[in-house]
There are 2 protein chains.
Amino acid sequence: MDKKNHIIEAAKGLIGRFGFKKTTMEDIARAARMGKATLYYYFKSKEDILREIIEREGNRLRKKLLEAVANGRNTREKLEKYTFTRFHFLRELGVYYRTIKDELYSHLEFIEKERKKFDRFDLDILEKILKEGMEAGEFKIKNPRYYAFLLLQAIRGLEFPILTGEALSFESREIDLDKALSTLLNILLYGISRSEA
Amino acid sequence: MDKKNHIIEAAKGLIGRFGFKKTTMEDIARAARMGKATLYYYFKSKEDILREIIEREGNRLRKKLLEAVANGRNTREKLEKYTFTRFHFLRELGVYYRTIKDELYSHLEFIEKERKKFDRFDLDILEKILKEGMEAGEFKIKNPRYYAFLLLQAIRGLEFPILTGEALSFESREIDLDKALSTLLNILLYGISRSEA
DNA sequence: TTTTCGACTCAAAAACCAAATTAGTCTAAA
DNA sequence: TTTAGACTAATTTGGTTTTTGAGTCGAAAA
């Protein structure tokens with residue numbers, strides 16, 4: 001298990017720097033100071049190593065998100081902590097995500113699977129936040145899961161440029177994303193009319 | 001000028017069906033029933049034909065959008081007409097856009113230019129809608145252009161899947177985008193709390 | 001028994017080259 | 001002013017060889 005971690009760490013570094021295709025099994029073996037065949041004792045394929053890395057990163061982010069949300073006192077705070085956490089994690093992972101995305105023309109099924117898992121998680125957590133808001137009497141909506149979905153897409157509209165590596169710019173200045181996110185939350189919660197009240 | 005239109009139409013059909021690279025100048029010449037050299041009398045290069053097509057489509061969309069918005073009686077209606085028009089145009093153009101995007105690994109500068117032109121246009125029109133809303137006493141915000149920007153990004157979050165060709169799905173059912181867009185506008189205008197009032 | 005490795009295979013990718021296409025030009029004629 | 005046929009130079013294609021790298025195996029070390 002400890003060895004497995006060791007391999008994962010080595011692989012993560014290399015893949016992050018050079019991309020998945022450019023990183024060879026020999027490279028990983030060398031970085032982990034062991035023979036190539038040994039890797040196959042712990043992992044059944046090169047793809048399997050990537051699968052594990054992605055799975056772990058996913059779990060790490062989910063854990064972070066749950067912790068972040070737990071600390072919020074009301075809907076506003078929870079949403080803010082949620083989006084910020086998500087956001088900084090994505091930024092941190094950005095390069096990684098992109099190199100992999102670019103290389104894997106053919107999207108691997110486990111990446112697709114992880115993406116779906118995350119979609120569900122996002123919806124679950126947002127739905128929960130909305131339901132708690134309703135219980136606290138903050139507002140009343142009929143279909144919280146549908147609302148969660150719309151919120152999620154709206155938020156993604158802002159974070160999308162990060163994933164593609166473009167800068168989000170407004171009036172040709174690069175934008176402060178935390179601030180933008182915060183204002184967007186205000187709009188979503190209170191509406192344009194009341195968002196500055 | 002009429003000949004130019006004729007060429008553009010021929011080219012548009014072919015490029016739409018087979019993509020930009022697969023369509024040869026001879027193909028276009030044949031479809032327009034003229035010699036290849038004639039094309040070069042009207043256009044300085046193959047790229048130049050594409051440039052003109054894109055520019056024209058852009059103008060057509062902008063015109064449609066202006067018309068749509070002009071018919072709205074209040075902010076809500078204007079935004080709805082705006083987003084719906086945008087949206088259906090994008091869907092119609094989807095295939096076109098995608099084949100070109102896929103082929104032009106290297107993004108051409110005139111496409112980038114058109115994209116920027118559109119960004120500005122979007123901001124301008126949304127800002128105008130918001131300002132008119134303020135004048136009508138519907139709401140009061142400090143920085144309408146910044147708000148226009150946030151609105152735009154939020155809306156893009158919903159329409160993005162169209163551009164990439166994915167279906168936007170919620171709970172594994174494909175979603176009615178007009179309806180989703182409409183609800184999102186409610187949220188943006190009135191806030192979650194009041195969006196169902 | 002569990003773990004590691006060097007040496008091997010084979011499928012896929014890179015490198016290479018020749019042949020064919022095709023964007024763009026030119027000259028001349030309608 | 002507009003059109004076209006013949007031409008060129010650059011790019012793309014298709015087919016071949018070479019190299020690389022994922023994955024296996026059997027033996028040895030721990």
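Everything numeric in this text was worked out from a predicted model, so none of it was measured. Each chain gets a letter, A, B and so on, in the order the sequences are listed, and its residues count up from 1.
In this structure, B:Ile141 and A:Ile192 approach most closely via the heavy-atom pair CG2-O, 3.7 Å.
Side-chain contact check for A:Arg76 and A:Ser182: at least one donor-acceptor pair (N or O, by modelled atom type) lies under 3.5 Å.
Here C:dT22 presents its P atom at 15 Å from CG of B:Leu39, a figure rounded to the nearest Å. Rounded to a whole Å, the NZ atom of B:Lys46 is 12 Å from the C1' atom of D:dT12. Separating the OH atom of B:Tyr40 from the P atom of C:dT22 is a distance of 12 Å, rounded to the nearest angstrom. As rounded to whole Å, 19 Å separates atom P of C:dT2 from atom CG of A:Asp2. When rounded to the nearest whole Å, the span between CG of A:Asp27 and P of D:dT20 equals 13 Å. Spacing between atom CE of A:Met25 and atom P of C:dC8 amounts to 20 Å, rounded to whole angstrom units. Per the geometry, CZ belonging to A:Arg30 stands 13 Å off P belonging to C:dC5, to the nearest Å. Rounded to whole angstrom, the span from the CD atom of A:Glu47 across to the P atom of D:dG21 amounts to 18 Å.
In this structure, B:Lys46 forms a cation-pi arrangement with B:Phe20, its terminal cationic atom sitting closer than 6.0 Å to the ring centre and no more than 45° off the ring axis. Figure legend: cation-pi geometry between B:Lys4 and B:Phe43, with NZ or CZ positioned under 6.0 Å from the six-membered ring centre and within 45° of its axis.
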Under 3.5 Å, N/O pairs linking protein and nucleotides 2-6 of chain D:
from	atom 1	to	atom 2	distance (Å)
D:dT2	OP2	B:Tyr41	OH	2.4
D:dT3	OP1	B:Lys3	NZ	2.5
D:dT3	OP2	B:Tyr42	OH	2.9
D:dA4	OP2	B:Gly35	N	2.2
D:dA4	OP2	B:Thr38	OG1	3.0

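Salt bridge absent: A:Glu47 and A:Arg51 never bring a charged side-chain N and a carboxylate O closer than 4.0 Å.
A centroid separation of less than 6.0 Å is found between the aromatic rings of A:Phe118 and A:Phe121.
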